[in-house]
Amino acid sequence: MNDALATLKERGFFKQCTDEEMLNKKMDEGPIRIYVGVDPTGPSMHIGHMVPLFAMHHLQEAGHLPIILVGGGTARIGDPSGKSDMRKMQTVDEIKVNAEKLKAQISRFISFESGGAKLVDNADWLAPLNYIEFLRDIGRHFSVNRMLTFEAYKMRLEKGLSFIEFNYQLLQSYDFLELYRREDCVLQIGGDDQWGNIVAGMELIRRVESGEAMGLTFPLVTRSDGKKMGKTEKGAVFLDPNMTSVYDFFQYWRNVADADVEKFLLMYTFLPVDECKRLGALKDQAINEAKEILAYEQTKIIHGKEEADKAREAARAAFSAGGATQDKSGMPAADIAASELEAGINIMDLFVKSGLCSSKSEARRLVSQNGAAVNGDKVSDVDAVIGTSFVVEEDGEKEVILKAGKKRFFRFVVK
RNA sequence: GGGGAGGUUCCCGAGUGGUCAAAGGGGGCAGACUGUAAAUCUGUUGCUUCGGCUUCGAAGGUUCAAAUCCUUCUCUCCCCA
């Protein structure tokens, strides 16, 4: 089997392929152009978006040429696949800004240097489309009867499906056709929910250009607890550190379920397969080691080694016994004026100020339920006043460490 | 265009004049147990200067009193055309 394909399979990036034999052969013959679509639907990707891109990373490693397609055109429509509601449409400007940020994030693990990956925007060819011509040249190749049999549309038929969404498949197929024509792209990869769209594109290429194109999908990543990948109660885990702090990002991975460790190591880190398997097989308390490695490696890929080191140290410091003796520079922090502490500040106000609690009522609950701690000591009196006596000095820095529950920390640096 | 059914707190979903900050479930948060896991159990879950204040699609109105009644608007779904 072709090495690149073998890697994908080993690491869990393989669900189905339109023609595995041919793909094998083509990849053996030399580098091929591969495309994956990403919709710039927000200012930052979240980790649920990452799977196809990590798969692409491995393909690029094997010498193939990635094309990352940002759906500048299609983002204005919304893909019905796997969605129960119509997606919010976006303005042209929003999409443009998002696409730029996207590229910066992706370039951490996919090289856009000369001869490497390409970033293309389908608005380039979708925007100038002429409706009549499109219907005549492309639309005629699609059978409504057939489209209606697709699970994605069936589902939506019960809830309601707008005409533009129904057209999504045509546009995505057209993307594939354009990339086949322009870039000689012969493979599209994507999540398994994209299977129908990918196959449709492949068939379009065959009909219009008599070309041979292929598709490959990965399993949709699910967590063993059934929650959506990358979603937390507070929202998605974003790659942008301004939206999800590096510390929180690290913690998300540190806290995955035991059953998910091996799968995530394989898919979300670049560690050798054997190592992933060894770590994933660890039992009981020992598996915490694997979780830390998973969190560290993933953070390193997305935020860089320096940030990953900081986050790991911060986590170790926060959770180890005693907890107040090591480096805490990765912990979320903010400055606080010395004068404020001299005057004394109510415990609830301090938690709200830190952002650990979003309202005073929440802070009150936290404190009265015995979930609040200052410098490691529980505080259960809602009327407690935090003054200068709570300031600890460490390495020349004066600070106050707040803790909410077992896992959330915040550090105030006294200025 | 005609007819019908609906929009309730993070989500689902009860609630048809005061006893409603609003049942129940889910989710979340906290506590116990643990391994920063899972499961389980317990508490909690609008805001607050703790006097109150603001919520039930939007705006008006009736009433001592409205999520509940009336009017208009708006959005969603279904049937017919």
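Below, read A as the first sequence line, B as the second, and so on, with proteins coming before strands; counting in each chain starts at 1. All of these numbers come straight from a predicted model, not from anything done at the bench.
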Quiz prompt | Whole angstrom value for the distance that separates C1' of B:G28 from CG of A:Leu366 | solution = 13 Å
Quiz prompt | Separation between the C1' atoms of B:A81 and B:U74, rounded to whole Å | solution = 24 Å
Practice problem: Could you work out the separation of B:C41 and B:C47 based on their P atoms and round it to a whole Å? | Solution: 27 Å
Exercise. Please measure how far the P atom in B:G27 lies from the corresponding atom in B:C73, and state the result in whole Å.
Key: 42 Å
Exercise. Give the nucleotide from the list B:G35, B:C50, B:U45 with an atom nearest to the side chain of A:Asp284.
Key: B:G35
Practice problem: Take atom CZ of A:Arg316 and atom C1' of B:G35, then tell me their distance rounded to the nearest Å. | Solution: 16 Å
Quiz item: When you check the phosphate oxygens OP1 and OP2 of B:A37, does a side-chain N or O of A:Lys407 lie under 4.0 Å from one of them?
Solution: yes
Exercise. Measure the distance from CZ on A:Arg365 to C1' on B:U45 and round it to the nearest whole Å.
Key: 5 Å
Quiz item: Between A:Asn197 and A:Gln194, is any side-chain donor less than 3.5 angstrom from a side-chain acceptor?
Solution: yes
Exercise. State whether the distance check finds a donor on one side and an acceptor on the other, under 3.5 Å, for side chain A:Gln285 versus base B:U34.
Key: no
Practice problem: Could you check how far NZ of A:Lys403 sits from P of B:U36, rounded to whole Å? | Solution: 11 Å
Quiz item: When you compare B:A66 with B:U62, how far apart are their P atoms, in angstrom units rounded to a whole number?
Solution: 12 Å
Exercise. With heavy atoms under 4.0 Å as the rule, sort A:Arg254 into base, sugar-phosphate or nothing.
Key: base
Quiz item: Looking just at side-chain N and O atoms, do A:Gln16 and A:Asp192 make a donor-acceptor pair shorter than 3.5 Å?
Solution: yes
Quiz item: Under 3.5 Å, is there a donor-acceptor pair linking the side chains of A:Gln188 and A:Tyr35?
Solution: yes
Practice problem: Identify whether any heavy atom of A:Glu292 sits under 4.0 Å from a base atom; if not, whether one sits that close to sugar-phosphate; answer base, sugar-phosphate or nothing. | Solution: nothing
Practice problem: Using only side-chain N and O atoms of A:Lys378, determine if any of them is under 4.0 Å from OP1 or OP2 of B:G31. | Solution: yes
Quiz prompt | No-H, no-angle donor-acceptor pair, A:Gln369 side chain to B:G43 base, under 3.5 Å | solution = yes
Self-check item: Phosphate OP1/OP2 of B:A30: any A:Arg408 side-chain N/O under 4.0 Å
Solution: yes
Quiz prompt | A:Ala290 to A:Val261 - nearest heavy-atom pair and separation | solution = CB-CG1, 3.8 Å
Quiz item: Between A:Asp240 and A:Lys101, is a salt bridge (charged side-chain N to carboxylate O under 4.0 Å, His left out) present by the stated rule, with each step listed?
Solution: CA-CA 9 Å; A:Asp240 184 338; A:Lys101 291 188 177 169; 5.2 Å; no
Quiz item: Has A:Ser368 got a side-chain N or O lying under 4.0 Å from the OP1 or OP2 atom of B:A30?
Solution: no
Quiz item: What is the distance, rounded to the nearest whole Å, between atom CD1 of A:Ile293 and atom P of B:U36?
Solution: 16 Å
Self-check item: Conformer about C1'-N of B:G51 - syn within 90° of 0, anti elsewhere
Solution: syn
Quiz item: If only side-chain N and O atoms of A:Arg312 are considered, is one of them under 4.0 Å from the OP1 or OP2 phosphate oxygen of B:U36?
Solution: no
Practice problem: Answer with base, sugar-phosphate or nothing: what part of the nucleic acid does A:Ser359 contact at a heavy-atom distance below 4.0 Å? | Solution: sugar-phosphate
Exercise. Scan A:Asn370 against the nucleic acid and name what it touches under 4.0 Å (heavy atoms): base, sugar-phosphate only, or nothing.
Key: sugar-phosphate
Quiz item: Going by atom types only, do A:Tyr296 and A:Asp309 share a side-chain donor-acceptor pair under 3.5 Å?
Solution: yes
Practice problem: Look at all strands and tell whether A:Ala259 reaches a base, only sugar-phosphate, or nothing, counting heavy atoms closer than 4.0 Å. | Solution: nothing
Self-check item: Side chain of A:Asn255 (C-beta onward), nearest among B:U36, B:C47, B:U49
Solution: B:U36
Quiz prompt | Closest nucleotide among B:G35, B:U34, B:U36 to the A:Lys406 side chain | solution = B:U34
Self-check item: Pairwise C1' distance, B:U48 and B:C53 [rounded to whole Å]
Solution: 7 Å
Exercise. Rounded off to whole Å, could you give me the CZ-to-C1' distance for the A:Arg364 and B:U49 pair?
Key: 11 Å
